[in-house]
Chemist: 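Pasting a structure below so you can have a look.
Computed from heavy atoms alone, side chains included, the values below leave out hydrogens, waters and symmetry copies. Numbers restart at 1 for each chain; the letters A, B, ... are given by sequence-line order, proteins then strands.
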Protein chains: 2
Amino acid sequence: MAARDYGQYGGITRALELIGERWALLIVRDLLVGPRRYGELAVGLPRIPSNILAARLKELQEAGILRRMPRSRVIVYELTPYGRELEPVVLALGAWGFKTLGEPRDEQIITPDSMTMDLRTAFRPLVAAELPSTAYSARVGPAELLIRVDGVRLDVTRGDGPVDLAFTTGADIRRLISGELAPGRAIETGVVEVLHGPGELLDRFASTFHLAA
Amino acid sequence: MAARDYGQYGGITRALELIGERWALLIVRDLLVGPRRYGELAVGLPRIPSNILAARLKELQEAGILRRMPRSRVIVYELTPYGRELEPVVLALGAWGFKTLGEPRDEQIITPDSMTMDLRTAFRPLVAAELPSTAYSARVGPAELLIRVDGVRLDVTRGDGPVDLAFTTGADIRRLISGELAPGRAIETGVVEVLHGPGELLDRFASTFHLAA
DNA sequence: CTGCATCCCGGATGATACTG
DNA sequence: CAGTATCATCCGGGATGCAG
């Protein structure tokens with residue numbers, strides 16, 4: 001019922017039977033950021049048809065990966081413990097894909113949840129542990145994120161709060177994270193616009209979040 | 001040409017555009033074991049239609065994941081360095097799927113390459129390092145494997161060689177690896193048949209390869 | 001308004017036959 | 001052996017409808 005089978009008995013085929021269908025892992029990716037409502041998922045996955053979203057949610061639920069939770073008149077979807085164990089998979093996949101991520105195509109947008117997971121992918125806890133705790137406010141295209149780094153811990157949420165550095169940028173954040181573009185030059189050339197706080201903190205940001213090809 | 005896009009700009013969507021199509025990651029899995037010819041891949045993926053295999057190979061080649069290599073009159077497919085970087089993804093996926101792998105269904109078969117990758121998934125290098133080097137010959141259903149463990153290194157190949165323990169079993173090897181079935185009981189009940197060497201070495205095998213739900 | 005279900009169509013997938 | 005060609009089928013995409 002979930003996915004068509006591959007006729008093989010093994011861990012990888014089993015996994016692909018559960019989350020190998022189109023869109024399935026992207027739903028999991030967004031739910032790794034936090035519980036989401038049907039409409040929120042639809043907004044975060046702009047090209048997904050509503051019937052496909054409904055079908056995937058049903059399949060993922062039957063597979064024990066997520067739960068429908070009625071929460072005060074609305075329904076939210078949240079990962080089960082087994083679903084949350086997909087985080088290493090999603091991070092590994094994101095790291096691999098990030099390495100050959102080029103410039104964005106015209107129809108490609110940046111969503112808050114995908115950006116959040118990309119930041120988690122690029123996060124270097126061991127580097128962060130050597131640096132002071134820092135809070136950033138980053139607007140990456142349409143995504144507004146509050147990024148708090150404290151020791152080896154990373155917390156990315158939507159919304160605002162007091163921060164050490166606030167900046168605005170676009171898809172070029174990729175070149176900052178990959179090391180192609182130095183933080184100083186990013187500010188000089190206007191690729192990153194600092195709204196608040198000392199621009200030097202962008203160096204710390206680039207050290208904390210780094211993933212090279 | 002490769003995959004349809006998801007309309008998003010990010011590492012995970014990029015990865016899924018490259019290897020998210022049906023069968024793609026299974027081809028990668030088999031090539032992680034070693035270079036393979038077209039016919040070998042077809043045998044290892046019993047249900048794949050030949051046109052789909054041909055299409056995937058072309059797409060994966062264009063994506064820079066594998067190469068067609070003419071090798072003395074025949075063509076072999078092998079992963080590029082970028083393709084080999086998918087190993088963490090495949091192992092993470094395999095580990096996740098293995099945890100809820102049940103009993104095999106009727107049409108499900110065990111192939112040498114899928115078994116090899118499952119063993120790599122379950123391999124515990126830190127445990128193996130504490131144990132003497134050991135060579136096993138395992139026949140798991142139709143798959144005949146030579147398994148050599150030396151310190152933190154694991155080498156699984158087809159074919160034969162001198163071994164410390166030779167045994168035969170079936171899909172129940174999963175219960176041995178998951179810890180559901182103790183090695184001693186596996187031998188007593190005939191689930192594992194020891195062909196050569198001391199049966200106690202099966203304990204060492206189960207310690208070396210372990211992955212619980 | 002949210003949370004889906006239905007309908008139709010195009011393109012990807014699957015089975016089989018065939019060829020250099 | 002290593003694919004290509006053909007055709008049927010099914011899934012995914014887009015628009016629309018509708019109930020709580």
Side-chain angles (χ1 to χ4, degrees), chain A residues 1-8 13 16-28 30-31 34-63 66-78 105-109, chain B residues 1-8 13 16-27 30-31 35-63 66-78 107-109:
Chain A
M1 48 181 96
R4 291 161 287 174
D5 72 343
Y6 290 94
Q8 289 188 354
T13 44
L16 290 176
E17 283 174 8
L18 296 182
I19 46 78
E21 298 288 291
R22 188 162 163 74
W23 296 106
L25 258 189
L26 293 182
I27 294 171
V28 171
D30 285 6
L31 291 181
R36 292 285 180 269
R37 298 164 54 171
Y38 184 92
E40 293 174 320
L41 289 170
V43 170
L45 275 15
R47 322 259 295 211
I48 196 174
S50 65
N51 56 344
I52 299 296
L53 177 55
R56 290 291 170 277
L57 288 173
K58 198 169 295 181
E59 292 160 9
L60 291 172
Q61 188 189 351
E62 284 168 5
L66 57 80
R67 263 192 298 261
R68 287 174 103 241
M69 295 292 282
R71 190 169 285 182
S72 68
R73 305 216 66 239
V74 295
I75 292 166
V76 296
Y77 295 90
E78 64 177 20
R105 297 190 297 270
D106 286 347
E107 6 72 64
Q108 287 188 314
I109 66 167
Chain B
M1 47 184 108
R4 292 159 287 171
D5 71 344
Y6 289 95
Q8 289 188 354
T13 44
L16 290 176
E17 283 175 7
L18 296 181
I19 47 77
E21 299 288 293
R22 188 164 160 76
W23 295 107
L25 216 45
L26 292 181
I27 294 172
D30 285 6
L31 290 180
R36 292 286 180 268
R37 297 165 54 171
Y38 184 94
E40 294 173 320
L41 289 170
V43 170
L45 274 16
R47 322 259 294 211
I48 195 172
S50 63
N51 56 346
I52 299 295
L53 176 55
R56 290 291 170 277
L57 289 172
K58 198 168 295 180
E59 292 159 9
L60 292 172
Q61 188 190 350
E62 285 168 5
L66 56 79
R67 262 192 298 260
R68 288 174 101 239
M69 294 291 283
R71 189 171 287 182
S72 68
R73 306 213 63 235
V74 296
I75 291 167
V76 296
Y77 295 89
E78 65 178 19
E107 6 73 64
Q108 288 188 315
I109 65 167

Chemist: A:R22 side chain N/O closer than 4.0 Å to the phosphate oxygens (OP1, OP2) of D:dG13?
Modeler: yes

Chemist: Just jot down the side-chain contact (heavy atoms from CB on, under 4.5 Å) partners of A:L25, sequence neighbours excluded, or say none.
Modeler: A:I19, A:V28, A:V90, A:L93, B:L16

Chemist: Kindly say whether A:P46 contributes a backbone atom to a donor-acceptor pair with the side chain of B:Q8 at under 3.5 angstrom?
Modeler: no

Chemist: Quick one: pull up CG in A:L45 and CZ in A:R36 and give me the separation to the nearest 0.5 Å.
Modeler: 11.5 Å

Chemist: Name all stems that contain residues of DNA chain D, defined as runs of 3 or more consecutive Watson-Crick or G-U wobble pairs, both distances under 3.5 Å.
Modeler: C:1-19 with D:2-20

Chemist: Rounded to the nearest Å, what distance is computed from the CH2 atom of residue B:W23 to the P atom of nucleotide D:dC11?
Modeler: 15 Å

Chemist: Identify the pairs formed between an N or O of the protein and an N or O of nucleotides 18-20 of chain D at a distance under 3.5 Å, and give each distance.
Modeler:
none

Chemist: Does A:R73 have any salt bridge (Lys or Arg N to Asp or Glu O under 4.0 Å) partners at least two apart in sequence or in another chain, and if so, which?
Modeler: none

Chemist: Give the rounded distance in Å between these two atoms: CZ of A:R4 and C1' of D:dG12.
Modeler: 10 Å

Chemist: Using a 3.5 Å distance criterion without hydrogens, assess whether the side chain of A:R56 forms a donor-acceptor pair with backbone atoms of A:R22.
Modeler: yes

Chemist: For A:A24 versus A:L60, what's the shortest heavy-atom pair and its separation?
Modeler: O-CD1, 4.2 Å

Chemist: Identify, with sequence neighbours excluded, every residue that meets side-chain hydrogen bond (donor to acceptor under 3.5 Å, both in side chains) alongside A:R67.
Modeler: none

Chemist: Looking at CG of A:L66 and CD of A:E62, how far apart are the two atoms once the value is rounded to the nearest 0.5 Å?
Modeler: 10.5 Å

Chemist: The criterion is side-chain contact (heavy atoms from CB on, under 4.5 Å); which residues satisfy it with A:L53, sequence neighbours excluded?
Modeler: A:I27, A:Y38, A:L41, A:A42, A:I48, A:L57

Chemist: Near DNA chain C, counting only heavy atoms under 4.0 Å, which residues of residues 41-55 of chain B show up?
Modeler: B:R47, B:P49, B:S50, B:N51, B:I52

Chemist: Could you check whether A:R73 gets within reach of a base, just the sugar-phosphate, or nothing at all, counting any heavy atom under 4.0 Å?
Modeler: nothing

Chemist: Scan B:L57 against the nucleic acid and name what it touches under 4.0 Å (heavy atoms): base, sugar-phosphate only, or nothing.
Modeler: nothing

Chemist: Looking at CZ of B:R4 and CZ of A:R47, how far apart are the two atoms once the value is rounded to the nearest 0.5 Å?
Modeler: 11.0 Å

Chemist: First locate atom CD of B:E17, then atom CD of B:E59, and finally report the distance between them rounded to the nearest 0.5 Å.
Modeler: 12.5 Å

Chemist: With heavy atoms of chain B within less than 4.0 Å as the criterion, where does contact along DNA chain C begin and end?
Modeler: C:dA12 to C:dA17

Chemist: Holding to salt bridge (Lys or Arg N to Asp or Glu O under 4.0 Å), I want the full list of residues that pass it with B:R37, two or more places apart in sequence or in another chain.
Modeler: none

Chemist: Can you list the residues that meet the side-chain hydrogen bond (donor to acceptor under 3.5 Å, both in side chains) rule with B:E78, with sequence neighbours excluded?
Modeler: B:R71

